[in-house]
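Convention: sequence-line order gives letters A, B, ...; per-chain numbering from 1.
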Number of protein chains: 2
Amino acid sequence: MDATPEILGELSLFEGLSPERLVVLAERCRISSVNKGEHVFRAGDPGNGLYAVVSGLVRIYRGSPGGKEQVLHFIEPGEPFGEVAVFQGDAFPADAQAMVPSQVLFMSRRDFLDLARQDPEITLQMLARLSLRLRRFVHQVAELSLKEVPARLAAYLLKELEEQGSNPLTLPMSKGQLASFLGTIQETLSRSLKRLEGQGLIVVKGREIGVLDLSALQSVAEQGR
Amino acid sequence: MDATPEILGELSLFEGLSPERLVVLAERCRISSVNKGEHVFRAGDPGNGLYAVVSGLVRIYRGSPGGKEQVLHFIEPGEPFGEVAVFQGDAFPADAQAMVPSQVLFMSRRDFLDLARQDPEITLQMLARLSLRLRRFVHQVAELSLKEVPARLAAYLLKELEEQGSNPLTLPMSKGQLASFLGTIQETLSRSLKRLEGQGLIVVKGREIGVLDLSALQSVAEQGR
DNA sequence: AAAAAGCTATGACCTAGGTCAAGTTTGCGG
DNA sequence: CCGCAAACTTGACCTAGGTCATAGCTTTTT
């Protein structure tokens with residue numbers, strides 16, 4: 001399916017582009033639907049362009065021979081993914097899979113580089129975007145090796161609370177997926193939630209989590225090691 | 001101390017720039033000496049520009065309240081560091097410390113952005129550079145959470161063997177520092193080395209490590225979980 | 001070369017958290 | 001509204017690897 005200028009305008013990637021430019025770009029982008037569980041690309045696939053989530057939710061992850069998986073990020077509507085392969089190395093470093101029925105936009109490397117040439121602002125925006133991602137990875141690596149599961153969980157809940165702004169926050173994914181993002185497994189996550197609940201810091205009801213004691217949760221999150 | 005065009009020409013960051021351009025840039029860059037153990041910047045410091053190692057060795061790491069540290073990368077001569085703060089967020093996300101007496105070059109954000117504007121090629125090179133770093137982090141996150149220490153160690157040795165090209169390879173840092181890079185501690189690294197040695201895969205003599213059984217080492221490195 | 005300071009090895013011990021195995025609950029397709 | 005498949009919880013168990021303590025070794029300083 002073809003993209004429309006309206007859809008493109010919603011993507012953070014194209015923020016600030018003129019309506020005329022969007023019309024031209026719309027012709028060059030393709031939108032496709034992917035079913036729940038379907039892969040947009042696999043690690044090692046040649047990357048001929050970049051993607052963005054139009055609707056739905058996509059997870060980027062790496063698997064291991066033993067079957068365990070580590071989620072690197074969840075991509076929400078408006079956000080691009082798979083950019084790394086456009087600028088370096090050409091093979092995707094991880095798998096991308098739709099977690100719910102989703103629509104994804106594709107733009108070829110050629111078209112993106114053309115756009116970048118005509119609109120250098122885009123390049124700077126991309127640098128800022130990759131820098132942000134780098135910053136997040138720095139955080140993720142440090143958390144994985146320096147903190148224990150309850151601390152990582154607490155930090156996640158605080159971040160989510162901040163972003164959602166509403167107090168009983170809602171997990172945007174299954175607990176198993178969250179565990180995989182936090183570098184652990186379902187069982188351990190379940191026990192950690194229980195523990196925080198037992199300490200009176202949170203209250204859990206399905207995917208809804210209410211934060212009862214903000215400052216105590218913060219001190220759990222800071223526990224390093 | 002002022003930078004010279006010759007020094008700048010050696011930096012991967014300025015690869016491909018004309019000699020005239022290098023002369024102009026040399027006036028804008030400052031080179032300073034840092035002692036072993038001295039910090040170039042600390043996490044949270046405002047980032048007003050980027051750095052590159054001219055000589056010596058710099059490590060980028062994050063500490064935890066409990067005193068443990070996770071090394072994110074070792075920066076060798078010619079390589080830039082601290083770029084992330086130039087494009088995003090303005091505070092450095094980690095600490096940078098000289099591991100041996102070193103010389104580092106500094107270029108202000110302003111000067112770098114001026115250069116980027118005049119020479120768009122630099123921007124694309126920077127995109128490629130950040131993409132490579134992102135790719136490495138993807139790898140590091142996955143290794144930390146999916147593999148055990150001996151597997152991470154084996155993977156490191158294979159990479160180092162490849163890069164150095166000589167068989168008894170030489171560790172470029174202390175074993176304690178290597179442990180911190182691999183997300184573990186001295187003692188565990190020591191035992192892992194011993195184990196690989198006991199299995200006849202490597203032979204260790206101080207910082208020199210000879211690889212005896214390449215394919216066995218590869219299969220240890222691939223063990224996921 | 002002696003002394004101080006950092007590195008490395010190794011042993012005894014302990015715990016966070018992964019594995020395996022039942023259940024139980026939730027939510028979706030028919 | 002039913003039934004089946006995920007998703008989730010809970011318990012018993014086990015192990016990788018972190019902690020603590022000690023001692024040998026190597027390098028730099030004086």
[X] has an atom [atom1]; how far is it from atom [atom2] of [N], in whole Å?
X: A:Lys194; N: D:dG11; atom1: NZ; atom2: C1'; value: 12 Å
X: A:Arg207; N: D:dT9; atom1: CZ; atom2: P; value: 11 Å
X: A:Glu148; N: C:dC14; atom1: CD; atom2: C1'; value: 13 Å
X: B:Arg191; N: D:dC20; atom1: CZ; atom2: P; value: 14 Å
X: B:Gln186; N: D:dG18; atom1: CD; atom2: P; value: 12 Å
X: A:Lys205; N: C:dG27; atom1: NZ; atom2: P; value: 11 Å
X: B:Leu182; N: D:dG17; atom1: CG; atom2: C1'; value: 14 Å
X: B:Glu208; N: D:dT26; atom1: CD; atom2: P; value: 14 Å

Answer yes or no: does a side-chain N or O of B:Lys36 lie under 4.0 Å from OP1 or OP2 of D:dT28?
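No, outside the criterion.
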Can you find a side chain N or O atom of A:Ser174 that sits less than 4.0 Å from OP1 or OP2 on D:dC8?
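For D:dC8, OP1/OP2 do have a side-chain N/O of A:Ser174 under 4.0 Å.
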Any side-chain donor paired with an acceptor under 3.5 Å for [X] and [Y]?
X: B:Arg129; Y: B:Ser12; value: yes
X: B:Thr184; Y: B:Arg152; value: no
X: A:Ser145; Y: B:Gln70; value: yes

Look at the rings of A:Phe92 and A:Tyr51 and say which category their plane angle falls in: under 30° parallel, 30 to 60° tilted, over 60° perpendicular.
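Rings of A:Phe92 and A:Tyr51: tilted, 30 to 60°.
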Could you work out which one of C:dG18, D:dG18, C:dC7 sits closest to the side chain of A:Thr188?
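Nearest to the side-chain atoms of A:Thr188, counting from C-beta on, is C:dG18.
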Of B:Gln177 and A:Ile185, whose closest DNA chain C nucleotide lies nearer the 5' terminus?
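Nearer the 5' end of the strand: B:Gln177.
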